[in-house]
Q: 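Shown below is the structure under consideration.
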Amino acid sequence: MGIVIEVQNPEREVDSIHASCQQHGEPCVFLCFMPPNKTPIDLACPTIPVFAWEYEALPNEAFGGKPRNDWRRVLAKLGAAITHSSYTVERVHAALGNHYPVTSIPAPLWDRMQVLRREPRGTSATLKIDGLLIDSRRTDLSAYTMHRLKAALPEALPLPEGCHGPHDPITLDGVLYTAIFNPGDGRKNWMDMVSAFCEALRDKANATLLLKLTHYDPDELIPDILEIIHKAGSLACRVLLVHAYLEEVQYNALLQATTYAVNTSHGEGQCLPLMEYMSAGKPAVAPRHTSMRDYVGPDCAFVIESSTELGTWPHDQRQAFRTLRQRIHYGSLVAAYRHSYHVAQHEPLTYRSMSQAARASLQRYCSVEVLQPRLERVIKRCIGAGPVIDEHATGDPHD
């Protein structure tokens, strides 16, 4: 569509680039991938904030003595926005009116994931982990009893010996559930994810839940995960915790060995790992709320029921209840694990159909073919080139 220039310091770099473009008669737009409260608002260059949001209400208070914390002020001044789901488009319209030009353009990753699609469902994989690896089958979890931890180690919780390697290669086979998330992000709700897996498939020796942790230093959070596994009692199923950089070949092998991608979050702005796996034909165990309602459905996922509960804006230091988030229904999650396992084991045609539906759903959501025209329309409108289309008259929920 045009020349892309990455900038590190918008206040210093953007306007000089914009001025140079003007001298050469070229249009220039700044796409700022930051939340509205951190987006520059006084640049000469037309600026479009690109942000994710997964709560019922946009921040509408100038908390902390900062007027920009009221996102309505920033968005109204900038005049347009890009987000990643029809849900967030609705939330922006609820705050600023249906006339406000906001468009859903998720990350266009469907096309690059097509080289990884494989049928029938995934094969086994052997991974060499150069980092932290904890295998519930090889780890003595008896130390992870809360009253013992509090009595013996009030300041620091221990990790199992040898968890930081070196490790022998691990084989992934059977019915593999994979979740990729930051355990420090409270939205991810990994407590329910782990405990429900242990409850649902405790007697299934070929069922594995692999947690690929992306926090820069998850050591202080891992004991909490291990405590949940320990409290589940005797388990035939397997839980793997992995915190390591995987080379592309290793990452792709994990994806192809995966049977289901798992998400149990309270809300998502788009959820890149889930989008990647479903684009490659991996059905999901996931709720159908916030951004995920655009691509998760009963044809391509075992849908976890949810309902609203009180929530807080994540950047609000007061942690005041000003919005709503989604509460996962635990019993529905347990049922989704059991149903998905049955399908993987006994209904290959159903699994294949769900795999094809996952790819098709994500193609509609995040393929270049779908998203490029939207981005072109937004940029033309921003620079005043061409007619402004009344997007709301088209019935497109992403505009």
Side-chain angles (χ1 to χ4, degrees), residues 1-7 10-11 13-54 58-60 68 70-111 269-270 290-291 294-295 363-399:
M1 291 176 57
I3 298 171
V4 177
I5 303 173
E6 295 186 13
V7 298
E11 287 82 358
E13 300 176 58
V14 169
D15 278 350
S16 62
I17 297 171
H18 177 246
S20 176
C21 289
Q22 284 191 315
Q23 289 177 358
H24 293 85
E26 296 179 349
C28 178
V29 174
F30 175 43
L31 301 179
C32 185
F33 290 79
M34 300 176 74
N37 56 298
K38 296 183 178 180
T39 300
I41 59 175
D42 295 316
L43 299 176
C45 182
T47 300
I48 304 177
V50 185
F51 67 96
W53 189 247
E54 61 273 15
L58 251 60
N60 55 13
R68 287 162 59 90
D70 184 344
W71 286 13
R72 298 172 303 174
R73 296 172 180 250
V74 177
L75 295 175
K77 182 174 177 61
L78 295 176
I82 293 173
T83 185
H84 310 305
S85 72
S86 63
Y87 176 82
T88 312
V89 168
E90 290 179 2
R91 302 337 305 154
V92 173
H93 284 162
L96 292 165
N98 290 334
H99 64 281
Y100 187 85
V102 55
T103 302
S104 168
I105 306 179
L109 53 75
W110 181 85
D111 300 78
Q270 58 179 332
T290 54
S291 71
D294 284 341
Y295 58 89
Q363 183 178 19
R364 293 189 296 270
Y365 178 63
C366 62
S367 65
V368 172
E369 180 184 14
V370 169
L371 300 181
Q372 182 164 332
R374 290 186 199 166
L375 183 57
E376 289 177 339
R377 189 169 67 226
V378 170
I379 290 177
K380 286 181 179 179
R381 179 177 57 203
C382 185
I383 62 178
V388 176
I389 300 172
D390 183 2
E391 293 156 342
H392 311 303
T394 68
D396 186 348
H398 297 276
D399 293 316

Q: Just verifying a value: how many Å separate I48 CD1 and L78 CG, rounded to the nearest 0.5 Å?
A: 9.5 Å
Q: Can you tell me how far apart CZ (R72) and OH (Y100) are? Round to the nearest 0.5 Å.
A: 13.0 Å
Q: Could you pull out the closest heavy-atom pair between E54 and A52, with the gap in Å?
A: OE1-C, 4.2 Å
Q: According to side chain to side chain contact (heavy atoms under 4.5 Å, CB included), who are the partners of R364, at least two apart in sequence or on a separate chain?
A: A360, S361
Q: Locate the shortest heavy-atom distance separating T39 from R68; write the atom from each residue and the value.
A: O-NH2, 2.7 Å
Q: Hey, are the side chains of W53 and P36 touching, using non-hydrogen atoms and a 4.5 Å cut-off?
A: no
Q: Apply side-chain contact (heavy atoms from CB on, under 4.5 Å) to residues C28 and H18 and explain how you reach the verdict.
A: CA-CA 6 Å; C28 178; H18 177 246; 3.9 Å; yes
Q: Looking only at heavy atoms, what is the nearest atom pair of V89 and T103, with distance?
A: CG2-C, 4.1 Å
Q: Distance alone, cut at 3.5 Å: any donor-acceptor contact between the side chains of D294 and S85?
A: no
Q: Is a side-chain donor or acceptor of Y295 paired with a backbone partner of C366 at a separation under 3.5 angstrom?
A: no
Q: How long is the straight-line distance from CZ of R377 back to CZ of R381, given to the nearest 0.5 Å?
A: 7.0 Å
Q: Is T47 reaching over with its side chain to a backbone N or O of C45, donor-acceptor style, under 3.5 angstrom?
A: yes
Q: Whether the side chain of R374 engages the backbone of S104 through a donor-acceptor N/O pair (distance < 3.5 Å, no angle test) should be reported.
A: yes
Q: Less than 4.5 Å apart, side chain to side chain, heavy atoms only: is that true for E11 and P40?
A: yes
Q: What is the distance from atom CD of Q270 to atom OG1 of T83, rounded to the nearest 0.5 Å?
A: 8.0 Å
Q: Donor-acceptor pair, R91 side chain versus L58 backbone, under 3.5 Å?
A: no
Q: Using every non-hydrogen atom in the two residues, find where V368 and P108 come nearest and quote the distance to one decimal.
A: CG2-CB, 4.1 Å
Q: With side chains defined as the heavy atoms from C-beta onward, is the minimum distance between K77 and D42 less than 4.5 Å?
A: yes
Q: What's the shortest heavy-atom distance between V50 and H84, and which atoms?
A: CG1-CE1, 3.6 Å
Q: Side chains of E369 and W110, heavy atoms from C-beta outward: is any pair under 4.5 Å?
A: no
Q: Evaluate the side-chain proximity of V92 to F51: yes if any heavy-atom separation is below 4.5 Å, no if none is.
A: yes
Q: Going from OG1 on T88 to CD1 on I82, what distance comes out if it is rounded to the nearest 0.5 angstrom?
A: 13.0 Å
Q: Any chance you could measure E376, atom CD, to M1, atom CE, to the nearest 0.5 Å?
A: 4.5 Å
Q: With sequence neighbours excluded, tell me which residues meet side chain to side chain contact (heavy atoms under 4.5 Å, CB included) with P27.
A: I383
Q: Quick one: closest heavy-atom pair of Y365 and L371, and the distance?
A: O-CD2, 3.6 Å
Q: I'd like to check the side chain to side chain contact (heavy atoms under 4.5 Å, CB included) partners of N37; sequence neighbours left out, ordered by chain and number.
A: P35, N69, W71, H315
Q: Within the side chain of S20, is there an N or O that forms a donor-acceptor pair under 3.5 Å with the backbone of I17?
A: no
Q: Are the side chains of Q363 and V370 in touch, meaning some heavy atoms are under 4.5 Å apart?
A: no
